[in-house]
Amino acid sequence: MTYWPFWLCALALSGVALLHWLLIGRMFAVSGRFTALTDAIRNWKRSADSHSELSQAEMLEALRAATIAEFGLTEEQAAQMDAELRAQAQPAPQRPPTSKQSLPVHVLFFVAIALGAALSARMAQGHADRTLFFATFGHSPILLGSILFGGGLLVGFGTRMAGGCTSGHGLCGVSRFQPGSMLATAAFFGAGIVTSLLLGALR
Amino acid sequence: MPQCPHEASCRLFPLFSMGGTLAVWKTNYCCSDFTRCARYQRNLREAWVPDNLLPNGMLLKKVAK
Amino acid sequence: MKDSIGTLALGLLFGFCLHRIGFGSWDEVHKMFTFASLRLTLGFGLAVVILAIGFSIIAKLQHPKWAPRPIHKGTLAGGLLFGVGWAVCGACPSIALVQLGDGQWLALWTLLGIVAGNALYAPIHARFFQFDSGTCSPD
């Protein structure tokens with residue numbers, strides 16, 4: 001199929017990343033969603049116990065009780081805390097960090113990506129090219145399956161270890177000049193270049 | 001004074017900044033020995049940190065009326 | 001609710017764009033890494049430039065509290081492992097889903113590998129690494 005020219009690619013990638021912040025109020029980071037997904041599965045029972053959907057007011061009310069219990073405040077100190085909280089009742093000028101999205105929303109995002117790609121394939125009446133792919137690895141389904149599973153393991157493990165992938169580090173981290181993102185992006189592009197050149201030489 | 005390196009992205013730190021009395025959490029954890037914080041410790045083990053987990057290991061729960 | 005609709009719309013848009021960009025094609029990713037085509041490299045680079053301008057405007061207007069992304073002990077090693085994996089299976093995390101939508105059923109293996117690799121990291125970090133990754137609440 002024919003792909004978009006480079007400038008349209010740039011507009012699309014940056015547009016999605018900016019809209020993600022403006023619409024959902026979270027930084028665009030896909031591997032973080034995978035981490036949230038696997039964590040939610042691992043903590044299936046405990047997550048029912050976590051009230052991450054508590055509103056700011058409910059959090060503060062619970063925090064007031066917990067502070068008195070933990071530090072044994074006198075009535076005078078508790079009254080002072082209430083006065084301070086009332087004084088802060090106006091919305092904070094700074095956006096508070098939003099709470100994490102729940103498991104169904106992450107799954108929704110993943111399904112939507114696949115549907116969007118399916119829509120594009122249908123409208124373009126074309127599929128992504130894999131001529132070089134089969135020329136490199138052959139056609140044995142068992143071999144292809146194990147290579148892709150092995151590569152996927154590296155991707156999943158590496159992105160979580162580095163704390164981000166192409167979206168979180170590459171797009172949104174580098175553009176905000178975050179040192180961790182710049183090092184990670186240099187590392188995965190460098191490793192990708194070396195690996196691809198080796199694969200090309202083996203073909 | 002050492003400061004917890006996770007302060008900027010912590011969900012609870014902004015709440016601890018809402019008044020002098022609540023800052024007792026900061027003086028006991030975030031700005032002194034943050035390695036005692038249950039959130040920090042769970043994160044070192046790459047375990048999931050619930051938004052409502054307090055530094056002392058308790059979970060913030062909706063207050064029954 | 002608003003959150004779910006926004007997430008759904010963005011996912012659809014992202015999947016559509018990634019497919020048209022050609023990131024779902026092993027061949028295109030391979031050509032990017034071997035410098036046989038500069039289309040994706042230029043596209044990615046220009047996107048970063050546009051985002052740098054966009055995010056600096058947002059930072060001025062909204063003063064958002066973004067989690068910093070510092071260098072830690074896993075940054076370099078994790079990045080290298082990810083780069084090797086990306087070149088081998090032609091997929092960064094969201095691309096496995098794009099490939100599935102494109103009808104590449106082999107990408108099920110890639111997706112399975114990504115989820116397994118991600119899940120596997122947590123106990124290995126707890127057992128062997130235990131370094132500070134710089135944030136309790138990643139974006």
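We use all heavy atoms of the structure for the numbers below, so side chains are in, but hydrogens, waters and symmetry mates are not. Just so we're on the same page: letters track the sequence lines, and every chain starts at 1.
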Query - When C:G90, C:S25, C:A59 are compared by non-hydrogen pairs under 4.5 Å with chain A, the top option - result: C:S25
Listed pairs under 3.5 Å, donor-acceptor, residues 185-192 of chain A side chains, sequence neighbours left out:
residue, atom, partner, partner atom, Å
A:T185, OG1, A:S181, O, 2.6

Report task. Take the angle between the ring planes of C:F129 and C:H125 and call it parallel below 30°, perpendicular above 60°, tilted in between. Result -> perpendicular
Query raised in the report: If you count heavy-atom pairs under 4.5 Å between each of A:P5, A:A118, A:G15, A:G164 and chain C, which one has the most?
Result: A:A118
Query raised in the report: Is the side chain of C:Q130 donor-acceptor paired with the backbone N or O of C:A126 at a distance under 3.5 Å, no angle test?
Result: yes
**Report entry** Charged tip of A:R26 within 45° of A:W21 ring normal and under 6.0 Å
**Finding:** no
Query raised in the report: C:F82 vs C:W86 aromatic rings, parallel, tilted or perpendicular, using cut-offs 30° and 60°?
Result: parallel
Report task. Heavy-atom distances under 4.5 Å only: say whether A:T136 touches chain C with side chain, backbone, both or neither. Result -> side chain
**Report entry** Greatest number of heavy atom pairs closer than 4.5 Å to chain C - which of A:I193, A:T195, A:L19, A:L108
**Finding:** A:I193
Query raised in the report: Of the listed residues (A:H20, A:M1, A:H127), which shares the most heavy-atom pairs with chain C below a 4.5 Å separation?
Result: A:H127
**Report entry** Contacting moiety of A:M123, where chain C heavy atoms sit under 4.5 Å
**Finding:** both
Query raised in the report: When the ring centroid of A:F6 is compared with that of C:F44, is the distance short of 6.0 Å?
Result: no
Query - Most contacts with chain C, counted as non-hydrogen pairs under 4.5 angstrom, among A:V174, A:L199, A:T35, A:L119 - result: A:T35
Query raised in the report: With chain A, which of C:G54, C:G6, C:C17, C:A107 has the greatest number of heavy-atom pairs at distances under 4.5 Å?
Result: C:C17
Query - Greatest number of heavy atom pairs closer than 4.5 Å to chain C - which of A:G116, A:S120, A:C165, A:G173 - result: A:S120
Report task. Sort C:L80 into side chain, backbone, both or neither according to what part of it lies under 4.5 angstrom from a heavy atom of chain A. Result -> both
Query raised in the report: Measuring heavy-atom distances to chain A, does C:A119 have an atom under 4.5 Å in its side chain, in its backbone, in both, or in neither?
Result: both
Requested in this report: Could you give me the CA-CA distance, side-chain angles and deciding distance for A:R160 and A:D39, then say whether salt bridge (Lys or Arg N to Asp or Glu O under 4.0 Å) is met?
Outcome: CA-CA 12 Å; A:R160 183 159 186 178; A:D39 277 358; 3.2 Å; yes
Query - Main-chain N/O of C:L108 paired with C:Q99 side-chain donor or acceptor, under 3.5 Å - result: no
**Report entry** Among C:L111, C:T41, C:I114, C:V115, residue most engaged with chain A (heavy-atom pairs, under 4.5 Å)
**Finding:** C:I114
Query raised in the report: Between C:S133 and chain A, which part of the residue has a heavy atom less than 4.5 Å away: side chain, backbone, both or neither?
Result: neither
Query raised in the report: Is a side-chain donor or acceptor of C:R69 paired with a backbone partner of A:G163 at a separation under 3.5 angstrom?
Result: yes
Report summary line: Checked C:L40, C:I5, C:I58, C:V29 vs chain A; the most non-hydrogen pairs under 4.5 Å come from C:I58
**Report entry** Residue part contacting chain A, namely of C:L38, when any heavy atom lies under 4.5 Å
**Finding:** neither
Requested in this report: Quick one: do A:R64 and A:E61 satisfy salt bridge (Lys or Arg N to Asp or Glu O under 4.0 Å)? Show the steps, please.
Outcome: CA-CA 5 Å; A:R64 176 190 183 276; A:E61 200 182 359; over 6 Å; no
Report task. Quick one: list whatever passes side chain to side chain contact (heavy atoms under 4.5 Å, CB included) with A:T131, sequence neighbours left out. Result -> C:D27
Query - Greatest number of heavy atom pairs closer than 4.5 Å to chain A - which of C:T135, C:V88, C:L8, C:L12 - result: C:L12
Query - Top of C:G103, C:G24, C:P70 for chain A proximity - count of heavy-atom pairs under 4.5 angstrom - result: C:P70
Requested in this report: Specify which of A:L11, A:T2, A:V111, A:V105 makes the most heavy-atom pairs with chain C at under 4.5 Å.
Outcome: A:V105
